[in-house]
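Residue indices begin at 1 and follow the sequence shown.
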Amino acid sequence: MTTMGIDPVQLSDDDLIRELRHLHMTRSDTFFHGSDDALATHTSRTQELETEYLRRHPDREVDPGRLREGARQR
């Protein structure tokens with residue numbers, strides 16, 4: 001996998017989260033209006049950053065309402 005930008009391992013937690021938030025905010029525009037190359041790059045970079053976040057935070061807080069069982073209880 002080729003890294004687009006700074007290797008996620010080298011980012012501080014704050015920078016990693018900022019990058020993830022930005023990518024998530026721009027996803028719809030890239031999906032609906034970006035070129036195939038732009039979408040592929042966006043998808044690859046998002047995967048890199050998300051993988052690093054999950055590596056650093058394997059026990060992240062999970063909202064019970066975001067689970068299938070929790071969603072059914074509403």
Side-chain angles (χ1 to χ4, degrees):
M1 176 182 340
T2 302
T3 297
M4 303 292 175
I6 297 172
D7 185 340
V9 173
Q10 297 177 356
L11 294 171
S12 68
D13 279 349
D14 288 342
D15 289 338
L16 179 61
I17 291 169
R18 185 188 71 245
E19 291 293 316
L20 279 166
R21 288 187 189 285
H22 177 72
L23 282 170
H24 284 250
M25 285 176 25
T26 60
R27 184 62 182 177
S28 291
D29 282 343
T30 304
F31 181 78
F32 288 112
H33 307 293
S35 67
D36 290 345
D37 286 342
L39 181 58
T41 299
H42 198 280
T43 299
S44 176
R45 184 61 173 169
T46 301
Q47 183 176 7
E48 288 178 344
L49 295 171
E50 287 177 347
T51 297
E52 178 59 19
Y53 182 87
L54 292 173
R55 184 189 70 77
R56 292 184 195 186
H57 305 280
D59 298 322
R60 71 192 194 287
E61 181 181 337
V62 176
D63 179 352
R66 300 293 298 186
L67 302 173
R68 288 180 186 238
E69 298 81 26
R72 286 190 203 123
Q73 293 174 2
R74 290 183 179 194

Determine whether His24 and Glu50 make a side-chain contact, defined as any pair of heavy atoms from C-beta on separated by less than 4.5 Å.
yes
Side chain Ser44, main chain Ala40, donor-acceptor under 3.5 Å
no
Crowding at CG, Asp13 (>12 non-hydrogen neighbours, <6.0 Å):
yes
Heavy-atom side-chain proximity of Pro8 to Arg45 below 4.5 angstrom:
yes
In the structure I gave you, are the side-chain heavy atoms of Arg18 and Asp14 within less than 4.5 Å of one another anywhere?
no
Say you draw a straight line from CD of Glu48 to OG1 of Thr46; how long is it, rounded to the nearest 0.5 Å?
9.0 Å
Report yes or no: does Thr26 contribute a side-chain atom to a donor-acceptor pair with the main-chain N or O of Leu23 at less than 3.5 Å?
yes
Close side-chain approach of Leu11 and Leu49, heavy atoms under 4.5 Å
yes
Take His33 and Leu39 through the test side-chain contact (heavy atoms from CB on, under 4.5 Å) and record every step on the way to the result.
CA-CA 9 Å; His33 307 293; Leu39 181 58; over 6 Å; no
Look up atom OG1 in Thr41 and atom CG in Asp37, then write down how far apart they are to the nearest 0.5 Å.
6.0 Å
Linking I/L/V/M/F/W/Y whenever their side-chain heavy atoms sit closer than 4.5 Å, directly or via other members, would Ile17 and Ile6 fall into one cluster?
yes
Should Arg60 and Tyr53 count as side-chain neighbours, where that means a heavy-atom distance under 4.5 Å?
yes
Can you list everything that forms a salt bridge (Lys or Arg N to Asp or Glu O under 4.0 Å) with Glu52? Sequence neighbours excluded, please.
Arg55, Arg56
